[in-house]
Amino acid sequence: MFERQLDKATTSVRKGFKRLGLPASDEIAWVPTPFSGQWGFGTAACFQVAAAEARSGKKVKVPARAEEIAGLLQGEIGVPEGFERVEAAGGYLNLYVEAAVYAGTVVDTVLGQGPDFGRGEEKAERLMVEYAQPNTHHSFHIGHARNAILGESLARIVEFAGFDTIRASYPGDHGLGVIKCMWAYKRFFEGQEPEGLHERGQWLLTIYAEANALLGLDEDVEDDELQSSGPSEYEAEVREMYRKWDEGDSEVRELWKKTRQWSLDELEDILKMLDIEIDVFFYESEVNEPAKAIAEELIQLGIAEDERPQGGPVIIKIDEKLGLKSEKYRTAVLLRSDGTTLYLAKDLALAKAKFENYQVDRSVYVVDVRQSFHFVQAFKILELWGFPQAAKCYHLAYGFVTLPEGAMSARRGNVILYKDVVDETFKRVVEIIEEKNPDLSPEQRDEAARQVSMGALAYTMLAVDNRKDTIYNWDRALDFEGQAAPYIQYAHVRANSILRRAGVLPKPLAIEHGLAPAEIQLLDRLSRFPLEAQRAADEYKPLLIANYAYDLARDFTEFYQHCPVLKAEGAVRDTRLRLTAAAKQVLATSLRLLSIKAPEVM
RNA sequence: GCCCCUGUAGCUCAAUGGAUAGAGCGCCGGACUUCUAAUCCGACGGUUGUGCGUUCGAAUCGCGCCAGGGGCGCCA
């Protein structure tokens, strides 16, 4: 918000250095001062100048010299336009904002732009976020929820920053895991499916676990391998079913369509609960044939090597193609020796479709951290293949969600289903609301409980660096105090309550009362939102918004605690009402970017 | 064997190469005749895994080591 003033100050500082006969450093950067209750920006430029002197042979102690230069500079430039005070402190040059003047500007800007405050200018690039790609024939667990919530928040953030954004999902409706589940269903469970969308979807997960048990798979075998120690006819039946699916056998395809739809129906409902609207569904099964063609194309281009004549698979020796001596990207396998596709080949086909059919410039994949190496290989192959977009492909890796007793395993049926967590959390929140705010109607109560429980779940997923693993813990998930979504939502509700009681919002007015530290702190925070939103998009980091929203809620709560609004009089009251409205707006916007609802009451 | 990620307060986590490393939880002590106490105020709590290095300045960058997790041609 202060770019223009800071640009002028930069010019002024450069001139000051020049008049002092000192070489200005290349870049003069301004960062918010760390002192709360004041509102300003500081630069470490004097350190750089002093350090340059030291390097050129002058005998100076850098910190002392920086302090000296800052003092001289302060005298030289005076108070730059738009600021009320200049200060040399500890080698830094600090400029303090004319709080009373800019308080009005900040508040008027926020209220004038409303939900668009902080929105970035439209960018020429199209960005696709791929997330919410659960496998069918499983059920949606809390690990999938982390993925979906992270992806949706990222999509909202980049969209807000001005990217032409497409939301894509890539359900895994193809592969051994799917076939195993279909096989067990066909052989042992056909016709026993329960009533109810979620019940039926979850039932597939138990069948899947049962299939693995029947096949006698070891505990430590990965979910979708098939090296069974169970009855050999079972394994043969599964392989036969896989082959028939691949050939397009009508009976197997019918069975597949039916069971697949059960999963997709459940997914649709869960995405609706999460307020996610996917623009494009790519199904893994649909890229199966293109993937085979791509393998052939890559062989023709001399990128891939076909070892099938020798009984081997189709591979790409990436290091060799890059002329690397040491192993880094290693060798990737595209097709099995029997010609069926693997994950990588399908992902290459998917990337090609994104680039060519959807003209995507940037492609972000929200996929768990275990697939990091897969994406390193995939992006490198896209580069070898000649796609310039390869440089703007980004794997947003997130750590997995484990249980206190260890990893979840779909194969063992040992998972915490998202639906169960939602139901349990909702019940708990209803109890809390009945206790804290018994005057709400049942409709209001349930609506608030939905918003608060969904928000609490989302926030715990977003307020941790995506790279870190998290342990799912019921106690913590059901703790709604402190740094959690309900705290932020509560601040929004408080602001709303004040505004509701006040009735009409006062017109813009000049601010004349001496601002309290809590007011300045809140204004400072509000003014930083546009830059913070932009940075979250640049770095693909919803965490930054999660932190910002909490900090803003805390600043507002402190303001609320220390500065009476409705009981203040005249211009002070009007100013504080407008400040409250601005805080409510930015709280709502930052919650929206996190895909968390901002309740009016709770 | 090689590659990637992580290591910060008792616990869970933050922190643009910048000023005194911050929150929440827990513990201890306070504040509801007040715009809803899902709140606030205060106390306690740190050799940022470890050793070198780069820098005016390092939790942040580089190298080594330690610990944990993940990955490495026919699972996804």
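The chains referred to below are lettered A, B, ... by the order of the sequence lines, with proteins before strands, and numbering in each begins at 1.
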Would you classify A/Gln489 as touching base, sugar-phosphate or nothing, given that sugar-phosphate means primed atoms plus P, OP1 and OP2, and contacts are heavy atoms under 4.0 Å?
nothing

Using a 4.0 Å heavy-atom cut-off, does A/Thr33 contact any base of the nucleic acid, only the sugar-phosphate backbone, or nothing at all?
base

Measure the distance between the ring centre of A/Phe373 and the centre of the six-membered base ring of B/C4, then answer whether it is under 5.5 Å with planes under 30°.
no

Any side-chain N or O of A/Arg467 less than 4.0 Å from the OP1 or OP2 oxygen of B/C5?
no

When we call it a touch if two heavy atoms are under 4.0 Å apart, what does A/Ala44 touch: a base, just sugar-phosphate, or nothing?
base

Would you say A/Arg501 reaches B/U36's phosphate, i.e. side-chain N/O to OP1/OP2 under 4.0 Å?
yes

So what does A/Lys567 touch, heavy atoms closer than 4.0 Å: a base, only the sugar-phosphate, or nothing?
sugar-phosphate

Looking only at side-chain N and O atoms, does A/Tyr329 come under 4.0 Å of OP1 or OP2 in B/G71?
no

Between A/Arg535 and B/U16, does any side-chain N or O lie under 4.0 Å from OP1 or OP2?
yes

Using a heavy-atom cut-off of 4.0 Å across all strands, would you classify A/Asn437 as base, sugar-phosphate, or nothing?
base

Sugar-phosphate, base or nothing in reach of A/Cys563, heavy atoms under 4.0 Å:
base

Residue A/Gln483, side-chain atoms from C-beta onward, closest of B/G24, B/G73, B/C40:
B/G24

Sugar-phosphate only, base, or nothing, as touched by A/Asn473 at under 4.0 Å among non-hydrogen atoms
nothing

Taking OP1 and OP2 of B/C56, is either one under 4.0 Å from a side-chain nitrogen or oxygen of A/Arg55?
yes

Starting at atom CG of A/Asn135, determine the distance to atom C1' of B/C75, rounded to an integer number of angstrom.
11 Å

For B/G73, does the O4'-C1'-N9-C4 (purine) or O4'-C1'-N1-C2 (pyrimidine) torsion place it in syn, i.e. within 90° of 0, or in anti?
syn

Looking across every strand, which nucleic acid part, if any, lies under 4.0 Å from A/Ser337 by heavy atom: base, sugar-phosphate, or nothing?
base

In whole Å, what is the span from the CE atom of A/Met602 to the P atom of B/U36?
14 Å

Taking only the side-chain heavy atoms of A/Tyr92 (C-beta and beyond), determine which of B/C35, B/A15, B/G18 contains the nearest atom.
B/G18

Six-ring centre of A/Phe400, A/Arg370 cation under 6.0 angstrom, axis tolerance 45°:
yes

Describe the nucleic acid contact of A/Pro32 in one word from base, sugar-phosphate, nothing, applying a heavy-atom distance below 4.0 Å.
base

Return the value, rounded to whole Å, for the distance between atom OH of A/Tyr490 and atom P of B/A38.
4 Å

Describe the nucleic acid contact of A/Asp368 in one word from base, sugar-phosphate, nothing, applying a heavy-atom distance below 4.0 Å.
nothing

State whether A/Lys436 places a side-chain N or O below 4.0 Å from either non-bridging phosphate oxygen (OP1 or OP2) of B/U36.
no

If only side-chain N and O atoms of A/Arg336 are considered, is one of them under 4.0 Å from the OP1 or OP2 phosphate oxygen of B/G73?
no

At under 4.0 Å between heavy atoms, what does A/Leu566 touch on the DNA or RNA strands: base, sugar-phosphate, or nothing?
base

Mind checking A/Glu307 for me? I need base, sugar-phosphate or nothing, with any heavy atom below 4.0 Å counting as a touch.
nothing

At less than 4.0 Å, is any side-chain N or O atom of A/Ser497 found next to OP1 or OP2 of B/U36? Yes or no.
yes

From C-beta outward on A/Tyr550, which listed nucleotide comes closest to its side chain: B/G24, B/G70, B/G73?
B/G24

Excluding sequence neighbours, so at least two apart, what forms salt bridge (charged side-chain N to carboxylate O under 4.0 Å, His left out) with A/Glu67?
none

With heavy atoms under 4.0 Å as the rule, sort A/Ala52 into base, sugar-phosphate or nothing.
nothing

A/Lys468 vs B/U12: side-chain N/O to OP1/OP2 distance below 4.0 Å:
no

Contact class for A/Ile471 (heavy atom, under 4.0 Å): base, sugar-phosphate, or nothing?
nothing

